[in-house]
Amino acid sequence: MITILQISAIGDSNEILMHSTTPDGLKRNIEIEGLNPLLRVLNPARYRLEVLLDGGANAGVRPLSVPQLVYNAISEPDRCSQALRRAELAGKQNAAIPVINRPEAIRGTTPEQLCRRLENITELRVPKAIRIAPHSLRDTQKMIESGGLKPPLIFKESGTAPGEPNLFLLEEGISWHTLERFAFDGRPYDVIEFIDTRDSDGYYRKHRVYCIGDRLLPGHLILSKQWHVTDDTTAHEGLEGDRASTEEEETRFLARFDPQNYPVLNTIRQHMDLDYCCIDFALNDDQIILFNVTAKHHYFSAEKREGYYSDVQIRAFNEAVEAMVERKINSGGV
Amino acid sequence: MIRLLNITGVPDTNRIAVTENRYGDMNRLTISMMGTNSLEALFDPTRMQHTTITLGGVEPLLPAVAHQDVVLNTICDPDTNATALHQAEAFVQSLECPIVNQPSRLFRTTRDATYDLLHDLDGIIAPQTIRIAPRSLSEIPEMVSAASMSYPYIFRSAGEHGGKGMVLVTSEADLEKLERYAFDGRDFYVIAFNDFHSDDRLYRKSRLIVIDGVVYPRHQIITDSWNVHAESRKNVMEKEQRYREEEQRFLESPPEFLQDYGQKIYEKLGLEFFGIDCSITAANELILFEVNACMRIVTGGEGGYHMPAIERIKTALNTMLEEKARG
């Protein structure tokens, strides 16, 4: 039996989401956003999965046993920075134990770090991004200008809860005062160059590819009339009449995706040094425009309707996870 | 032994705070909820058996509960927990037992509502308070003057308690300080500032707990700044014994007129349990800072001369619950 320790975390704010209660109101049904079910596909006769939840006010919990493999499921470097730091330290103290998604690599997934790590890949366009922590609107404007950015740009509070992004598109010619919707109390913000990826037919297309070990598998293609696509339901608002054709295009992407047609995705995977992540991007004349690289998503997302993936596709995901785990265990630690 | 149903509620954000994570197990977390005043530490287990339920959440349910002798609603902040309070309103209608702190009455305890309700009472100075939701900094002076208010005023986010997170705006030059807030349509309070220092230039903030119309002093903090909160004790009181003695005297024999003020406010609010943060002037008037059911009684760090005052509050609360239960 191989013991795998999954480390997940409550965010730095120490908050968790309450979904509902039991019918008698006595027990609360809570949701921890970082509990990625990635390894649930593993054969329980061969693998024992322990989940350790770090974070919260009194943190620094210890596992009960020494695992053969660690899966660091802490995937939000801003929201879970404290737990990620502890995981990093624990990893250094236990260097012989192999780790899926080293905490150091997760740190590279902030917009600013993505830009730094990937901006020199010639076949890729990465939006320029900076991190600022202003105390006034004047500070904000100065920091953005000295960072070489100008509207249109995306202004985003760093480390907000999943599904609740606090962001705003500051368009060209719009008053800077519109940014007063944000609090300038020293909290960090990501300022990201806005690249308009809308195609000539008026659709924004967001592609997602999962990197699982050394395999690249298509996650989705979402067509939307909105530039900011958060989930399938809101992305498809207003598409009712066109939904059949957009759905067909999405399904075609899933069925025909061939990683050999996107060699730059492999280059991104190698630069990021993550074992498991997804890459979100748009295509513009065959050039990839990067939106995001993150380890927080899972292909069994609740937003995907039943039957979204075929049995063959699900099997491919699951086999990729098993192969990644096997390879990691055999690789030993750092 | 009476059966007490204790109602708590999740904030409108549906997020609850983890205060202790000792085992790394999501089923064994210690949590607390903003906007609910946890009074469980005050319940006397020899007099009552309590059951705590939680309302609110992403997919709220109206729970089915066994018969109880009395219900205590501890959801206390309508600014942060309005959804759970509305749910509690609907829930208690189905119960056939006395309700302490009717959820619908809690909506009278926002800062602007307490001003509207209490500013006409004799001897009570309720600083004018308005609620605004500006979309930019430049809208604020206009909103303030439209309410016939002027400098100085205190600016703070709705739903925040304690001394942190508020700004004293004394002139136009101070408006820049408000850039620390997000003007995205959320609510703020603008509260007229009454400089309440005593003749010795120190500021005194008293907390009174009102249980069934009877006033019990909880503490009196004496400090050197207008922004008085628990940590302000360090500034003056921890250094000088005479100020601790002054607080002790206040707790042991509070001025008799406080009872009259407490009774008047109780009649207006209709709540069986609430607190008053205030300053007492040389003319025996009461300057109100806030009046609501969110005042904490036990914070964990109590000891010494505060304990008899806390015990009196605890006894009064348990007696009130027992009396309500027995009709």
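Both backbone and side-chain heavy atoms feed into the values below; hydrogens, waters and symmetry mates do not. The sequence lines fix the lettering, A, B, ..., with proteins before strands; numbering per chain opens at 1.
Considering all non-hydrogen atoms of both residues, Ile53(B) and Asp24(A) come closest at CG2-O, 3.5 Å. Thr54(B) approaches Met18(A) most closely through the heavy-atom pair CG2-SD, 3.9 Å. Contact detail for Leu53(A) and Asn21(B): the closest heavy-atom pair is O-ND2, 2.8 Å. The minimum heavy-atom distance linking Glu179(B) with Arg138(A) is given by the pair OE1-N, 4.5 Å. What you find for Met26(B) and Ile30(A) is that their closest heavy atoms are O-CD1, 3.5 Å.
Proximity to chain A is absent for every atom of Leu178(B), based on heavy atoms less than 4.5 angstrom apart. Proximity to chain A (any heavy atom under 4.5 Å) is shown, for Thr30(B), by neither the backbone nor the side chain. For Leu17(A), the parts lying under 4.5 angstrom from a heavy atom of chain B are both the backbone and the side chain. No part of Ser13(A) comes within reach of chain B, as not one of its non-hydrogen atoms sits under 4.5 angstrom from that chain. Using a 4.5 Å cut-off between heavy atoms, Ile7(B) makes no contact with chain A at all. Leu179(A) does not touch chain B: none of its heavy atoms, backbone or side chain, sits under 4.5 Å away.
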Leu26(A) vs Thr51(B), test: side chain to side chain contact (heavy atoms under 4.5 Å, CB included). Steps then yes/no. CA-CA 8 Å; Leu26(A) 297 178; Thr51(B) 303; 3.3 Å; yes

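Salt-bridge formation is not detected for the pair Arg135(B)/Glu180(A): no Lys NZ or Arg NE/NH1/NH2 atom is positioned less than 4.0 Å from an Asp or Glu carboxylate oxygen.
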